[in-house]
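To start, the structure itself, in structure tokens.
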Amino acid sequence: MNTLKVLRDLFYYNKEFATGLLLVLIVVAVAASSFFSPYPPLDVYVVPPDLPPSWQHPFGTTSRGQDVFWQLTFAIRNTLLFGIVVAVISRVISLCVGLVSGYRGGWVDRVLMSLNDTFVVIPLFPILVLFYFIMRDQMTWGLLALIVALLGWAYDARLIRSIAMSLRTREFTRQAVFSGMGTGRIVWQEHLPFVLPIVFSTTLNNINWSIGIEVTLSVLGFTDINTPTIGGMIYWANQHTALVSGIWWWVAFPIALVVLLFIGLFLLAISMNEYIDPRSRLSRLGGQA
Amino acid sequence: MKPYLTYLSKRLLQFAVVVFVGINIAYVVTHSTPINPVEQTISAATAYGSTSPEAIEMMRRSLSELYGLEGSPWQQYLSFWQRVLVGDFGPSLSAFPTPVSELILRALPWTVGLLLVSTLLTWFLGNLLGGLAGYYRENRVLRAFGVVTAGLHPVPYYVVAFVMLLAFGYLWPILPISGGASMAADRTDVVGFALDVVIHSILPVLSLMAAGIGGWFMGMRSLVSNIVTEDYVTYAELAGVRRGKILRHYVMRNAIGPQVTGLALQLGAIFNGAIITEQVFGYPGIGSLLISAVHAGDYSLVLGITTISILGVSTMVLLIDLLYPLIDPRVEAA
């Protein structure tokens, strides 16, 4: 109940949160309507090709004879799901690394953070391209999600570590140690609840980041192009030189929708952050008064 | 001097770890495939017309050598490292017999130039404006700028570059949208050629800046608005120090440290962005080379570019780290 109340207050008093939530809800609604699509996602030439937006086909039709709107519903659903899957897997890794590193300190911390900084610095894109190059047709949607998650946990692990470090010196941690709790239980039961809010806000940023990677890779055709995604739609549009032949709606609507999603998630993330960090909340109040 | 040496050795160690892990990832990726790359290349090469069994056997042998698939796993691993350290990735398959290293060297100046100009401009402008916005909180222009960059910030490089391409390529075609210089450019005319290169780089640089400036702006603004509330700033204000001087010497100077660290951390991501931007604008750098290598099925070129990217980015990070004590002398003590 308490969480609901916080969300309601955020919605009423924080413009960014309200706008972000609205944008994300629009995108989710589009994704959800894929379940009512009259056409299967992979079928081509189900409608007349190259029709501009009209009442019958609100976003027009593609050169492959697909309705842009219904194609978009499948695409955004897969893209969104991709972001969520990556975020969940990479969250698990960054929580484990961050909490253990922050709590244990010493050489464990040094080794884990050295590894962490490595993953922050390494350029991801060439590695993903190399991976696609090797896997070719074996490169499935799920495999890509796993790889991106394995490479994308490092930023947030450092953040979680810094919180865990400050928790370590708090009195309740000492009490837990004296009452005989092991590392696993302290980290899991005592420290996890403190980092969850910040993890939630970084999750939203992580979803954005992974969707950006997915869109980029599939626009270049470096993913499984038979799973409809936002990047995949732009890829097919480019293959049919849609812009040169004036079929702008094939490109414009996917880009517009995914930009809405980016901005929505980002606004949610910063408003969450502001809520979690009371200092910026105070300065906001001070700035308005 | 001693603390600097400790700092130096720590950074060098971290550099070694980055390179080691990066090259190992490249090794694991190239050797984890369920598909036999040798057989795949042979079947692609022999799909049209018949080839004699002897020729196929010869191809198989030379390809296994090229892919580093000869000998025991340990030998394969060692020869992989050897190739990386010597910088010899063999001849390119798609531009046979040009060596991979030569193709990369030809593309590298374009990428480095594009990255250097766009990164420095973005970082400088973002921090300057962010600092001003954090200090002069009531300024309307800076507030509006903050809203615009916050909207642009979450949009990935590819989309920004693509929209720029649409805007200046189709709607309002005033700038060249493709290539690093005009085809007919006269390279003996130094000034004219330089101008041509600059004009061709405007759109790629602008799209990299548009996608990157928001992060620096918002980071600096929040750093500065925290520092402004510190006692020493209030004291300086009460003592009647000019505002410009407070901003430059009291506020910005203290906030710039984390932003330099941020630059080192972001470099990998900025590099990714440059690769993608190059592809969109057909810029003749590493990114375009990488993507055409994938389409041409050029294994040695793809592997060469990946390893060079890892080495290049981690070297740049090391350089920034080594310069850091000049900006913030306190690290030496830590």
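Here is how names work: the chains are called A, B, and so on, in the same order as the sequence lines, proteins then strands, and each is numbered from 1.
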Is it the backbone or the side chain of [X] that comes under 4.5 Å from a heavy atom of chain B, or both, or neither?
X: A:Leu130; value: both
X: A:Asp117; value: both
X: A:Val259; value: side chain
X: A:Val120; value: both

### Query
Taking every heavy-atom pair that is under 4.5 Å apart, which of A:Ile255, A:Leu261, A:Val219 has the most such pairs with chain B?
A:Val219
### Query
Looking at A:Phe131, A:Phe125, A:Tyr132, A:Trp248, which makes the most heavy-atom pairs under 4.5 Å with chain B?
A:Phe125
### Task
Evaluate the criterion side-chain contact (heavy atoms from CB on, under 4.5 Å) for residue pair B:Phe162 and A:Asn238; output intermediate values, then yes/no.
CA-CA 11 Å; B:Phe162 201 69; A:Asn238 284 343; 3.9 Å; yes
What's the separation between atom [atom1] in [X] and atom [atom2] in [Y], rounded to the nearest 0.5 Å?
X: B:Ile25; Y: A:Leu151; atom1: CD1; atom2: CG; value: 6.0 Å
X: B:Ile310; Y: A:Thr118; atom1: CD1; atom2: OG1; value: 11.0 Å
X: B:Leu303; Y: A:Ile134; atom1: CG; atom2: CD1; value: 8.0 Å
X: B:Tyr158; Y: A:Ser218; atom1: OH; atom2: OG; value: 9.5 Å
X: A:Asn205; Y: B:His153; atom1: CG; atom2: NE2; value: 7.0 Å
X: A:Met113; Y: B:Gln14; atom1: CE; atom2: CD; value: 10.5 Å

Contact winner vs chain A - [options], heavy-atom pairs under 4.5 Å:
options: B:Ile276, B:Leu166, B:Val317, B:Leu152; value: B:Ile276
options: B:Pro156, B:Gly273, B:Gly312; value: B:Pro156
options: B:Ile286, B:Val155, B:Leu13, B:Ile291; value: B:Ile291
options: B:Leu267, B:Ile275, B:Val159; value: B:Ile275
options: B:Gly22, B:Ser314, B:Ser309; value: B:Ser309

### Message
Looking at every non-hydrogen atom in both residues, tell me the closest pair between A:Ile263 and B:Pro154 and how far apart they are.
### Response
CA-CG, 4.1 Å
### Query
What are the two closest heavy atoms between A:Phe133 and B:Ala293, and how far apart are they?
CE1-O, 4.1 Å
Less than 4.5 Å to any heavy atom of chain A: does that hold for the side chain of [X], its backbone, both, or neither?
X: B:Tyr157; result: neither
X: B:Gln266; result: both
X: B:Met316; result: neither
X: B:Ala269; result: neither

Are [X] and [Y] side-chain neighbours, meaning at least one heavy-atom pair lies under 4.5 Å?
X: A:Leu115; Y: B:Val21; answer: yes
X: B:Phe271; Y: A:Pro126; answer: yes
X: A:Tyr155; Y: B:Leu265; answer: yes

### Query
Does B:Tyr27 OH have over 12 foreign heavy atoms under 6.0 Å away?
yes
### Task
Please report the C-alpha distance between A:Ile122 and B:Val313 in whole Å, then the side-chain angles of each, then the deciding distance to 0.1 Å, and finally whether the side-chain contact (heavy atoms from CB on, under 4.5 Å) criterion is met.
CA-CA 7 Å; A:Ile122 281 183; B:Val313 170; over 6 Å; no
